Amino acid sequence: MSPEQGGGLLQCKVGQVSPQLHGKSIVCCDNEDLCNQDLKPNYSPRTTTTPEPPLVNTNTMPLFALVISIAFCLGLLVLVLGAIYCMYRRREKRKPAYLMNSLYNTTNGHMPIADLVEQTSGSGSGLPLLVQRTIAKQIQMVHSVGKGRYGEVWLAKWRDEKVAVKIFFTTEEASWFRETEIYQTVLMRNENILGFIAADIKGTGSWTQMLLITDYHELGSLHDYLQKRVLNPHMLKMLALSLASGVAHLHTEIFGTPGKPSIAHRDIKSKNILVKRNGQCAIADFGLAVKYTSESDEIQIAPNSRVGTRRYMAPEVLSETLDLKVFEGFKMADMYSVGLVFWEMARRCITTVRGAKNTTTCEDYALPYQDVVPSDPSFEDMYAVVCVKGVRPPIPQRWQDEDILVVLSKIMQECWHPSPAVRLTALRVKKTLVKLETDCTIKIV
């Protein structure tokens, strides 16, 4: 029936004109009466699953949406990093105040210096400057323990804890500045380097005191120690290994953030080496030290009129052929001095006399070249002996009867070779002495 005849639901609506939404199948005919009796509609029931949405082509994503997403992520990252940095800075600022409170707080007992140092930033560069100045004001001098060309060393107390105070002459201001700078170098702290506590300048209009406060070692310098005591082979090995370890730490550059520059001492001698109660060495006196950073390839030589100790100067220093632009030369000059210190140690090591089981012997303490130069030799004296005549300290025959003395004698002869390139490095010496514990038949390479 046509729409005009009111066909209603009897209208035939098929095809694209009226798509069926509810799963109906309709077939129509109007060619003859009762034509629909032969019609057979094909009904396919619909499933209840939701048809999948058409895939979106990502290539058509608007560019601005991508830019906004990246900008949002970057902004969030900046905010997070900023918050972390602010927290870190706030914590660092609180540390000096906390340390200051611990210095003045007497109700909870005294905090040892070792604990104060541990609570620094961990960079190994010492206490904050404000804490250093506070400690310097609280120092109580006890008595003088030594005097040298740079100034005087005193035993002092800080809250019943013994410390050493080095008071510099006013003419040695450059040495004080340089030594303070070296001690406060990042990652400088090491068990075989004298522990730095504080540095300060005291004074009024009429006088000035430049102070350097360090750990106190009651056994004194290696020079004094060897005059009063003899060594057994184990003590000798510990002294030699700890000295090599300290020099190796100085000479080694540590890369990273923070990093440590390579440092050459330039005045290694038995008077600048302290003996700790555990039998190890601690290197001191950095007034002439030189720093070197490979990144900038810059050698930082302090503007200091002081020179090293002539008796311990390497041949290239005495002959003024040392290239000041090559840092390796400074390190090899240090190793020459280390060889002479080893010789001083070895003379005081006891060995058993051949043919007498219960009899031991050792040489008297002596300074290097003591028998061929005056007590205060000049450059000319040392140059004539070391460079012109090629004299080196003698190696006693008895040293061949003890393993550590055999190894040390080979090491020291390599260290004081006339050619700097032939000398052993501090790290090589350290590894050789470490290996001596398990293998006494060492070949120096």
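Quick caveat, the model's predicted, so the values are computed rather than measured.
Taking a 6.0 Å sphere around NZ of Lys269, one finds it holds more than 12 heavy atoms contributed by other residues, nucleotides or ligands. Summarising the local packing, CD of Glu173 is surrounded by 12 or fewer heavy atoms from other residues, nucleotides or ligands at distances under 6.0 Å. Within a 6.0 Å radius of CD in Glu152, more than 12 heavy atoms belonging to other residues, nucleotides or ligands are found. The local environment of OH in Tyr383 is sparse, with at most 12 non-hydrogen atoms from other residues, nucleotides or ligands closer than 6.0 Å. For Lys271, the NZ atom sits in a loose shell: 12 or fewer heavy atoms of surrounding residues, nucleotides or ligands are nearer than 6.0 Å.
The heavy-atom pair separating His249 from Ile193 by the smallest distance is CD2-CD1, 3.6 Å. Heavy atoms only, all atoms of each residue included: Met313 and Gly308 are closest at CE-O, 3.3 Å. The minimum heavy-atom distance linking Phe327 with Ala264 is given by the pair CZ-N, 3.6 Å. Among all heavy-atom pairs drawn from Ala384 and Val388, the shortest one is O-CB, 3.3 Å. Closest approach of Pro394 and Pro396 over heavy atoms only: O-CD, 3.5 Å. Heavy atoms only, all atoms of each residue included: Ala426 and Val247 are closest at CB-CG1, 3.7 Å.
Of the possible polar contacts, none joining the Glu316 side chain to the Thr321 backbone as a donor-acceptor pair under 3.5 Å is found. Looking only at distances, no side-chain donor or acceptor of Thr360 sits under 3.5 Å from a matching main-chain atom of Thr351. Using a distance-only test at 3.5 Å, with no hydrogens or angles considered, no donor-acceptor pair links the side chain of Trp154 to the main chain of Val142. No donor-acceptor pair closer than 3.5 Å links the side chain of Lys166 to the backbone N or O of Met210. Panel note: side chain Thr361, backbone Val353; no donor-acceptor pair is recorded below 3.5 Å. Looking at Asn192, its side chain does come within 3.5 Å of a backbone N or O of Cys281 through a donor-acceptor pair. Panel note: side chain Arg348, backbone Cys362; no donor-acceptor pair is recorded below 3.5 Å. With Asn272 contributing its side chain and Ala284 its backbone, the two residues share no donor-acceptor pair below 3.5 Å. His265 contributes a side-chain N or O that, together with a main-chain N or O of Asp285, makes up a donor-acceptor pair within less than 3.5 Å. Of the possible polar contacts, one joining the Ser409 side chain to the Val406 backbone as a donor-acceptor pair under 3.5 Å is found.
Ring pair Tyr183/Phe196 is parallel by interplanar angle, where below 30° counts as parallel and above 60° as perpendicular.
With respect to the salt-bridge test (charged N to carboxylate O, under 4.0 angstrom), the residues Arg311 and Glu344 do not qualify. A salt bridge does not link Lys276 with Glu191: none of the charged nitrogens is closer than 4.0 Å to a carboxylate oxygen.
Side-chain atoms of Pro368 and Trp416, non-hydrogen and from C-beta on, never get closer than 4.5 Å to each other. Ile263 is not listed as a side-chain neighbour of Tyr292, based on a closest heavy-atom distance of 4.5 Å or more. Counting heavy atoms from C-beta outward, Glu179 and Phe168 have side chains that approach closer than 4.5 Å. Within the 4.5 Å cutoff, the side chain of Ile299 has no heavy atoms near those of the Leu324 side chain.
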Quiz item: Which is it for Lys291 and Glu181 under the salt bridge (charged side-chain N to carboxylate O under 4.0 Å, His left out) test, yes or no, and what are the steps along the way?
Solution: CA-CA 10 Å; Lys291 293 200 293 188; Glu181 179 190 3; 3.6 Å; yes
Practice problem: Output, in order, the C-alpha distance, side-chain angles, deciding distance and verdict of salt bridge (charged side-chain N to carboxylate O under 4.0 Å, His left out) for Glu414 and Arg428. | Solution: CA-CA 11 Å; Glu414 294 275 0; Arg428 178 69 264 163; over 6 Å; no
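Checked against side chain to side chain donor-acceptor pair (under 3.5 Å), Ser221 has the following partners two or more places apart in sequence or in another chain: Asp224.
The list of salt bridge (Lys or Arg N to Asp or Glu O under 4.0 Å) pairs with a residue in residues 364-385, not counting sequence neighbours, reads Arg310-Asp376.
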